[in-house]
J.: 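I'd like to ask some things about the structure below.
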2 protein chains.
Amino acid sequence: MYAAPACEAILPAPPQPASDDVEPARVVVPVHPVEPVLHATLNEAVNDAPKRANARCSNCSLRGVCVPADLTAAELEKLDSVVCTTRPVRRGDALFRTHDAFHSIYAVKTGSFKTVVMHRDGREQVTGFQIPGEPLGLDGVCSGRHNCEAVALEDSTVCIIPFAQLESICRESRRMQHYLYQLMSGEIVRESGLMMLLGTMSAEQRLASFLLNLSARFRARGYSGAEFNLKMKREEIGCFLGIKLETVSRMFSRFQRERLVEPSGKQIRIVDPEGLARV
Amino acid sequence: MYAAPACEAILPAPPQPASDDVEPARVVVPVHPVEPVLHATLNEAVNDAPKRANARCSNCSLRGVCVPADLTAAELEKLDSVVCTTRPVRRGDALFRTHDAFHSIYAVKTGSFKTVVMHRDGREQVTGFQIPGEPLGLDGVCSGRHNCEAVALEDSTVCIIPFAQLESICRESRRMQHYLYQLMSGEIVRESGLMMLLGTMSAEQRLASFLLNLSARFRARGYSGAEFNLKMKREEIGCFLGIKLETVSRMFSRFQRERLVEPSGKQIRIVDPEGLARV
DNA sequence: CGGGCGGTTGATCTGACTCAACAACGGTGG
DNA sequence: CCACCGTTGTTGAGTCAGATCAACCGCCCG
């Protein structure tokens, strides 16, 4: 389970020899990226306006994470011409809401998000947490409206990728076309894994899976897989895992007692990953 | 909930004015399609061999269900050139298994399937049931291997759609390209709905949702939405809904007591859909 | 006719929920 | 700087929905 997390695949798992270029080494140090302050002074209106700026996939530190590592220069150039804007989203604000018209998909650039689907009776289910390099909004293609809401867990930025333009790139580049199909298929696989988690696992196993999965995703991005900071609160974790917040808290305590993890508030250190996997 | 089933969307919900052509009227009669006998005499070997035959989307009774209703003649012709084979699958046999190499996606033509993901420790989760017109195998695009196994619930047939060829059609036709993205996105939405079901609903609500969803899907295909035959057994329903077979059975009994449904074995008559939706 | 499978129902048990109290934390204003 | 208050997290006690274990029925099929 530790080596091959079943749920929440690390993006799909496309041809991604990855780490044979300079990128990972450069981002390996910070357990957390420094929170960008550039938008801390922006007011709400400006906050919502996309910012045309250094949003170039060709020199983004996440190249090879949210996009295949081996695109040709021509393909990268086309991507750059489409993915030309980023947008800051403040902690607690929604990037998009359920039933918003769908125009773009997004890639988390910095920070983190949760996606939430809700029932008319008020019931909510968190369907995922997204960290840098991970996609948002793929569920909107189907009906032309977003099916869930994406909320920033901390001050964050996303790259905006207008879907119609992405589609036309994909008609020209076989590689890009296939990658987009892989991305969507990966989301399907991720959700199947979660159905397995929700349908068959005990509360203890759910939390263990969750921690190992997050750990693997952080590691895959060059952050530490052994120690990380959970930006989401216990209630959101519970809502994601299909259990109550008190149960989440109890399971954390149990793991601590059993020397599996060392939680200090939101900061989590995974002490015994094999033990966690055995739960 | 009844009018707009949250989980298991009826294929996505793409531009599908549907019923303004002759198809639905023609298939409206049989609550069950007559089970095709053509392959009942075939032996196992032949059974596995795809059959090149009248697999033409252009005159398939499911046109407008598994493919947009308003494709141009040219687009239909291209589709026909790719979707040229069907394959019978015997009850209990697998169309594909987890880790099989991915080459094609499939559309159920007759019969029905379940898809199952499994954990190395033997835990299983049914991730969906597919009826005629519904797609199978989209989860394989991501890694190039199937992520689940698809098992026929009765003697069935599928249309085989080689994915590489479908991709090249999609590079030529904007409509087809977008439809395929919609199809995959629809699967993502369907699974989100199921996560909501598994994460937040009581056993009673799960079964009610399940029945209403099946009902809507049958209805959308011209079958009766009020009375249908569950090909899957109680255990499979439970494994899909994340509850035990005894609980499924108890909930059926409860629904019968409350005059919501009239089950006689696998044949189900929905008596009070509004009541079911209120559960 | 017998055996096995699928389904139903009852009795008991238990993991997670609910309700409740309290501790720790972070931000705000005096 | 500290006092205060709302939010978030932890822990305990009691309850309940659904799991488990078990008996039994009906049906199909050899």
Side-chain angles (χ1 to χ4, degrees), chain A residues 35 40 90-92 114 122-126 151 153-155 197-211 229-258 260-269 279, chain B residues 35 40 91-92 114 122-126 151 153-155 197-211 229-258 260-268 279:
Chain A
E35 309 228 330
R90 287 270 191 67
R91 176 191 148 92
K114 66 171 174 180
R123 238 194 311 252
E124 294 193 355
Q125 174 72 29
V126 172
V151 177
L153 295 176
E154 58 192 305
D155 291 351
L197 178 143
L198 291 167
T200 73
M201 293 189 188
S202 69
E204 190 178 29
Q205 293 171 325
R206 291 179 200 201
L207 186 61
S209 278
F210 170 68
L211 292 175
N229 194 313
L230 296 178
K231 293 297 181 182
M232 64 295 276
K233 46 187 104 143
R234 299 289 187 262
E235 182 174 8
E236 292 166 325
I237 297 174
C239 193
F240 176 61
L241 298 178
I243 57 187
K244 296 281 128 175
L245 64 137
E246 295 96 327
T247 307
V248 174
S249 186
R250 280 182 232 278
M251 294 306 143
F252 268 122
S253 304
R254 183 183 297 181
F255 287 162
Q256 184 171 25
R257 230 177 303 126
E258 293 169 357
L260 299 175
V261 305
E262 202 66 60
S264 51
K266 293 187 180 264
Q267 190 71 19
I268 301 291
R269 215 165 62 78
V279 159
Chain B
E35 309 227 330
R91 177 190 148 91
K114 66 171 174 179
R123 242 194 309 253
E124 293 194 358
Q125 173 72 28
V126 172
V151 177
L153 296 175
E154 58 192 305
D155 291 350
L197 178 143
L198 291 168
T200 72
M201 293 189 189
S202 69
E204 191 178 29
Q205 294 171 324
R206 292 179 198 201
L207 187 61
S209 278
F210 170 68
L211 292 174
N229 194 312
L230 297 178
K231 293 297 182 184
M232 65 294 278
K233 46 185 108 142
R234 298 288 186 263
E235 183 174 7
E236 291 166 326
I237 296 174
C239 192
F240 177 58
L241 298 178
I243 55 185
K244 295 282 128 173
L245 65 137
E246 293 96 327
T247 306
V248 174
S249 185
R250 280 182 233 277
M251 293 305 143
F252 267 121
S253 304
R254 183 184 299 181
F255 287 162
Q256 184 171 25
R257 231 177 301 128
E258 293 168 0
L260 298 174
V261 306
E262 201 67 63
S264 51
K266 294 188 181 260
Q267 189 72 19
I268 302 290
V279 160

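In what follows, chains are A, B, ... by sequence order, proteins preceding strands, each numbered from 1.
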J.: Can you name the side-chain hydrogen bond (donor to acceptor under 3.5 Å, both in side chains) partners of Thr200(A), sequence neighbours left out?
T.: Arg123(B)
J.: Take atom CZ of Arg91(A) and atom C1' of dT8(D), then tell me their distance rounded to the nearest Å.
T.: 11 Å
J.: For the pair made of CG in Leu241(B) and C1' in dA19(D), what is the distance, rounded to whole Å?
T.: 16 Å
J.: In whole angstrom, give the distance that lies between atom CZ of Arg254(B) and atom C1' of dG10(C).
T.: 15 Å
J.: Output all residues satisfying side-chain hydrogen bond (donor to acceptor under 3.5 Å, both in side chains) with Ser253(B), sequence neighbours left out; order by chain, then residue number.
T.: none
J.: From the options Gln205(B), Arg206(B), Met201(B), select the one residue that forms a side-chain contact (heavy atoms from CB on, under 4.5 Å) with Leu241(B).
T.: Arg206(B)
J.: Side chain of Glu262(A), backbone of Ile268(A): donor and acceptor closer than 3.5 Å?
T.: no
J.: Could you report the tightest heavy-atom contact between Phe240(A) and Leu198(A), atom names first, then the distance?
T.: O-CD2, 3.9 Å
J.: Determine which pairs satisfy salt bridge (charged side-chain N to carboxylate O under 4.0 Å, His left out) with at least one residue from residues 234-256 of chain A, sequence neighbours left out, and list them in order.
T.: Lys114(A)-Glu236(A), Glu204(A)-Arg254(A)
J.: Using whole Å, report how far CE of Met251(B) lies from P of dG7(C).
T.: 17 Å
J.: Please test Val248(B) against Phe210(B) for side chain to side chain contact (heavy atoms under 4.5 Å, CB included), starting from the C-alpha separation and ending with a verdict.
T.: CA-CA 11 Å; Val248(B) 174; Phe210(B) 170 68; over 6 Å; no
J.: Does the side chain of Leu207(B) reach to within under 4.5 Å of the side chain of Thr247(B), using non-hydrogen atoms?
T.: no
J.: Summarise how protein sits on nucleotides 9-17 of chain D as a single string, 5' to 3': B when a protein heavy atom is under 4.0 Å from the base, S for sugar-phosphate-only contact, - for no contact.
T.: SBBBB----
J.: In whole angstrom, give the distance that lies between atom CD1 of Ile243(B) and atom P of dA16(C).
T.: 17 Å
J.: Dump the pairs, protein N or O against N or O of nucleotides 12-14 of chain C, anything under 3.5 Å, distances to one decimal.
T.:
none

J.: Partners of Arg269(A) by salt bridge (Lys or Arg N to Asp or Glu O under 4.0 Å), sequence neighbours excluded?
T.: none
J.: Give the rounded distance in Å between these two atoms: NZ of Lys244(A) and P of dT8(D).
T.: 16 Å
J.: Strictly distance-based, threshold 3.5 Å: is any side-chain N or O of Gln256(B) a donor or acceptor partner for the main-chain N or O of Val261(B)?
T.: no
J.: Please write out the pairs of protein N or O atoms and N or O atoms of nucleotides 26-28 of chain C separated by less than 3.5 Å, giving the distance to one decimal.
T.:
none

J.: With axes from five pairs an end, tell me the bend angle of the helix from dC1(C)-dG30(D) to dG30(C)-dC1(D), nearest 10°.
T.: 40°
J.: What's the CD-P distance between Gln267(B) and dG7(C), to the nearest Å?
T.: 14 Å
J.: What's the spacing between Cys239(B) SG and Lys233(B) NZ if we round to 0.5 Å?
T.: 11.0 Å
J.: Which residues satisfy the side-chain contact (heavy atoms from CB on, under 4.5 Å) test with Arg91(A), sequence neighbours excluded?
T.: Asp155(A)
J.: State, with a plain yes or no, whether a side-chain heavy atom of Leu211(A) is found less than 4.5 Å away from one of Phe252(A).
T.: yes
